[in-house]
Amino acid sequence: MKKFQSPKGTRDVLPAEQKYWRQVEQVLDSLARIFGYERLDLPVFESTALFQRGVGTGTDIVEKEMYTFTDKGGDSMTLRPEFTAGVIRAYLENGMASRPKPVKLWSYGPIFRYERPQAGRYRQFTQFNIEAIGEMDPALDFEIMSAAWQLFSDLKFRNLCFQINSIGCPACRPGYMEQLKAHFRSHEKDLCGDCRNRLEKNPLRLLDCKKETCKPLADRAPRAADFLCKECADHFETLKRYLDSMAMPYTVNPRLVRGLDYYTKTVFEVWAEGIGAQNAVCGGGRYDGLAEILGGPPTPGIGFAAGIERLVMTLMHQQIPVPETGRPDVYVACQDPKAMPEAVRLATLLRQAGTPAVLGFGGRSLKAQLREADNRGARFTAIIGEEELGKQAVQVRDMTKAVQEQLSWTDLITRFRRPRD
RNA sequence: GUGGGUAUAGCUCAGCUGGUUAGAGCGCCAGGUUGUGGCCCUGGAGGCCACGGGUUCGAUCCCCGUUACUCACCCCA
């Protein structure tokens, strides 16, 4: 029979990797608390139309990357390829517009995109997502970016690169797009095939092309920042002043465009090095038109998403120390198998007192049990030997100091008791 | 969707231009006498050498195909 494997583009997060996940999750949880964001959990699948409308039919995500299926009732459903559309759907559906603005929400969970896997790219991956809805103030753009900043500094990341840009709004973008198209159309014969397709459909993407033939043209292309309307230009300037005043280093990248249709004004990404070609660990921006696209009242918003797998990869690549997890306080061993009933009772009592305790199974030699205690990282081993048998007593061995003493069960339990909350 | 690379033990990999019982390190298990881990020593378990075909007296090795994994393009987290 053919051996089963995890589906292409999915992975198992084995116990050895869990400490890194735990570290990231703890930092995220406290970050959300520090910045005043509340948790919102969403369904993993939504109506396909939500993503078609919200993300945009011209995007790669909607065109070729969605896990879409028809359920038994005949409705088309899609595993979420991003969080934002679902967050806005929930915001509108649950009348959150009546709450104090901005409404600040965060979410965490699996995201699905059907792509060819490579280093740092999976078909099922995990995102942390943060959104602030209902406020135009550039100070909120700053707050969101500053949350990203603090996330990475709390994780102790080094060598990060913040990229920002402004891509305008419905008032100024059409004018810019015309200029952009005109520029590329005059050189159409020099463009690669992909770019010729993009020309009418999504001209912004041409700026992003990495082909040697298109790059020089992209470099000479008109820049979005030069065509912003007064409102967008002021917004961008104010944001940059906030960033400067707090000494947060960033690069204005006129070629940063981002792949989703709904972005307006501010867009940004954070790049890490050393984790492969997929180096964006965080990406986001403002989406002032999205709520309307989804049938709600005009509602501005801004947010970002971070890919947890890439954060974990960076943590490991930069060899950042994280707390060890899963070490037992006490390993209960017995010298003779006939002491096993006592060992079982002692382990149970320890656990009832909240002490992480593991038991040596299988009637193996004491030597083997101590070896196991060592391998599992146990801090102490409680040994029931010939002398202790039937006396409610144990030899307690300190595994780092290699010294031991006889203790009664009650003393042992008292010493290792852990209050639980 | 388009390219390149790689498939040998649980993991990381050797295996010379094809030659008979397929190796190492790590890990796992058990021992090194009288109740005790880490270091050291000894032993053991564990491989249809990815799968299918071809060339050959003979293929883990050469050729073709399939599949999987992987890196990159595209795009993104």
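Per chain, numbering begins at 1; letters A, B, ... match sequence-line order.
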**Item:** Sub-4.5 Å side-chain heavy-atom contact between A:Arg113 and A:Glu82
**Value:** yes
**Prompt:** Hey, is the side chain of A:Lys64 poking within less than 4.0 Å of OP1 or OP2 on B:rG1, counting only N and O atoms?
**Reply:** no
**Message:** For a quick test of reading the model: is some side-chain N or O of A:Gln118 closer than 4.0 Å to OP1 or OP2 of B:rC73?
**Reply:** yes
**Prompt:** Which value, in whole Å, describes the distance between the C1' atoms of nucleotides B:rA14 and B:rC26?
**Reply:** 14 Å
**Interatomic distance at P, B:rA45 relative to B:rA50, whole Å** = 23 Å
**Request:** For RNA chain B, find the residues of residues 147-167 of chain A with a heavy-atom distance under 4.0 Å and give them by number; none if there aren't any.
**Result:** none
**Request:** Sort and list the pairs that fulfil ring pair (Phe, Tyr, Trp, His ring centres under 6.0 Å) and have at least one residue in residues 125-152 of chain A, not counting sequence neighbours.
**Result:** A:Trp106-A:Phe128, A:Phe142-A:Tyr242, A:Trp149-A:Phe162, A:Phe152-A:Phe157
**Where at least one partner belongs to residues 342-399 of chain A, residue pairs that pass ring pair (Phe, Tyr, Trp, His ring centres under 6.0 Å), sequence neighbours excluded** = A:Phe380-A:Phe416
**Asked** How are the rings of A:Phe45 and A:Phe69 set to each other: parallel, tilted or perpendicular (split at 30° and 60°)?
**Response** perpendicular
Considering Watson-Crick and G-U wobble pairs with both distances under 3.5 Å, what does [N] pair with?
N	answer
B:rG44	B:rC28
B:rC62	B:rG54
B:rC75	none

Short N/O separations, protein against nucleotides 4-11 of chain B, under 3.5 angstrom:
none

**Message:** Just the rounded figure in Å: distance from P of B:rG35 to CD of A:Gln404.
**Reply:** 13 Å
Could you list all N or O pairs between the protein and nucleotides 41-48 of chain B that sit under 3.5 Å apart?
none

**Prompt:** When you measure from the centre of the six-membered ring of A:Tyr122, is the NZ or CZ of A:Arg11 under 6.0 Å away and within 45° of the axis?
**Reply:** yes
Might you list the N or O atoms of the protein lying below 3.5 Å from N or O atoms in nucleotides 28-31 of chain B, with each pair's distance?
from: B:rC28; atom 1: OP1; to: A:Asn375; atom 2: ND2; distance (Å): 2.9
from: B:rA30; atom 1: OP1; to: A:Arg364; atom 2: NH1; distance (Å): 3.4
from: B:rA30; atom 1: OP2; to: A:Arg371; atom 2: NH2; distance (Å): 3.1

